[in-house]
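Read through the structure below, which is laid out as structure tokens, and then see the notes.
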Amino acid sequence: MKNNAILDKTDILNLTLICSNQPLPIVQYLKENPNGATVKKNNVFLANSEFQDINSQCESLLKLQKINLIEITYDTWYNEMSVYSDFIKYETAHPKFKEYFRKRGQVCATKSGKNYLSKLK
């Protein structure tokens, strides 16, 4: 697999975090409208304290998912809200997110992701 040519420092760190602490919490922020809901921010991931730009994190996770190194699901989530406390803090610091509702999910490494990371070490 020639993925290392397209993976940057953020991607490698995210993959490392996801492989060692899986599954990790992730959220989507949605805004209700008359036809249902619109996704405003997808795949918000705050576990990587080194890179807190949520747009960059979203791009990183989408890239890792696209090349099958991670799996993102909103079909399963943690029932314990304390797992999502970083998101609540983020929402408090960024008031525009209070307009949206949070859809909880999880992100975990695939077998390919674990194998890929083990070859980097």
Side-chain angles (χ1 to χ4, degrees):
M1 188 183 307
K2 296 186 178 187
N3 294 333
N4 61 342
I6 59 170
L7 296 184
D8 62 22
K9 183 179 179 182
T10 305
D11 303 326
I12 298 295
L13 186 53
N14 283 339
L15 184 59
T16 302
L17 287 166
I18 293 165
C19 282
S20 61
N21 298 300
Q22 64 174 321
L24 287 171
I26 192 169
V27 302
Q28 281 182 331
Y29 286 101
L30 302 110
K31 186 166 186 162
E32 291 187 58
N33 61 50
N35 299 321
T38 304
V39 175
K40 291 299 191 175
K41 283 291 178 191
N42 196 25
N43 302 332
V44 177
F45 181 69
L46 299 177
N48 185 340
S49 60
E50 220 175 291
F51 298 97
Q52 286 292 300
D53 178 336
I54 64 169
N55 294 321
S56 296
Q57 289 291 4
C58 177
E59 290 172 18
S60 173
L61 293 183
L62 288 173
K63 184 191 311 180
L64 294 171
Q65 183 182 36
K66 192 176 205 176
I67 57 178
N68 195 37
L69 298 180
I70 64 168
E71 181 181 320
I72 298 169
T73 181
Y74 291 95
D75 294 331
T76 58
W77 58 88
Y78 290 102
N79 288 326
E80 180 58 47
M81 282 306 295
S82 65
V83 174
Y84 296 92
S85 63
D86 288 342
F87 298 97
I88 296 166
K89 289 175 192 171
Y90 189 86
E91 292 159 19
T92 302
H94 299 84
K96 74 176 182 176
F97 284 91
K98 291 188 180 226
E99 301 173 20
Y100 311 140
F101 68 92
R102 182 184 336 110
K103 185 173 184 181
R104 297 174 290 167
Q106 294 179 333
V107 57
C108 61
T110 63
K111 186 177 180 180
S112 297
K114 291 175 187 176
N115 288 339
Y116 179 79
L117 191 62
S118 70
K119 291 177 184 175
L120 289 179
K121 294 180 179 182

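Residue L17 is not grouped with residue I54 when hydrophobic side chains (ILVMFWY) are merged at heavy-atom distances under 4.5 angstrom, including chains of intermediate members. Hydrophobic clustering (ILVMFWY, side-chain heavy atoms < 4.5 Å, transitive): F51 and F87 are in distinct clusters. In terms of hydrophobic clustering, with Ile, Leu, Val, Met, Phe, Trp and Tyr side chains grouped at heavy-atom distances under 4.5 Å, M81 and F101 are assigned to different clusters. Criterion: ILVMFWY side-chain heavy atoms under 4.5 Å apart, direct or through other members. Under it, L62 and I67 are not part of a common hydrophobic cluster.
Of all heavy-atom pairs between A109 and I18, the closest is N-CG2, 3.4 Å. Closest of all the heavy-atom pairs between N14 and S60 is ND2-OG, 2.9 Å. Taking both residues in full, the closest heavy atoms of V44 and I26 are given as O-CG1, 3.2 Å, listed atom of the first, atom of the second, then distance. Taking both residues in full, the closest heavy atoms of G113 and L15 are given as O-CD2, 4.0 Å, listed atom of the first, atom of the second, then distance. Closest heavy-atom contact between T110 and N68: OG1-O, 2.6 Å.
Counted by atom type alone, Y29 and E91 present one or more donor-acceptor pairs between their side chains at under 3.5 Å.
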Step by step, would you call L7 with L69 a side chain to side chain contact (heavy atoms under 4.5 Å, CB included)?
-> CA-CA 11 Å; L7 296 184; L69 298 180; 4.0 Å; yes
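T92 contributes a side-chain N or O that, together with a main-chain N or O of I88, makes up a donor-acceptor pair within less than 3.5 Å.
Relative to the ring axis of Y84, R102 does not place its NZ or CZ within 45° and under 6.0 Å from the centre.
For the side chain to side chain contact (heavy atoms under 4.5 Å, CB included) test with F45, the passing option among I70, L61, V27 is L61; the others fail. Just one of L46, V83, D86, V107 meets the side chain to side chain contact (heavy atoms under 4.5 Å, CB included) condition when paired with P25; it is V83.
Atom CD of Q106 and atom OH of Y78 lie 5.0 Å apart (nearest 0.5 Å).
Within the structure, salt bridge (charged side-chain N to carboxylate O under 4.0 Å, His left out) contacts touching residues 44-56 (residues at least two apart or in different chains) are K9-E50.
Checked against side chain to side chain contact (heavy atoms under 4.5 Å, CB included), K40 has the following partners two or more places apart in sequence or in another chain: K31, Y100.
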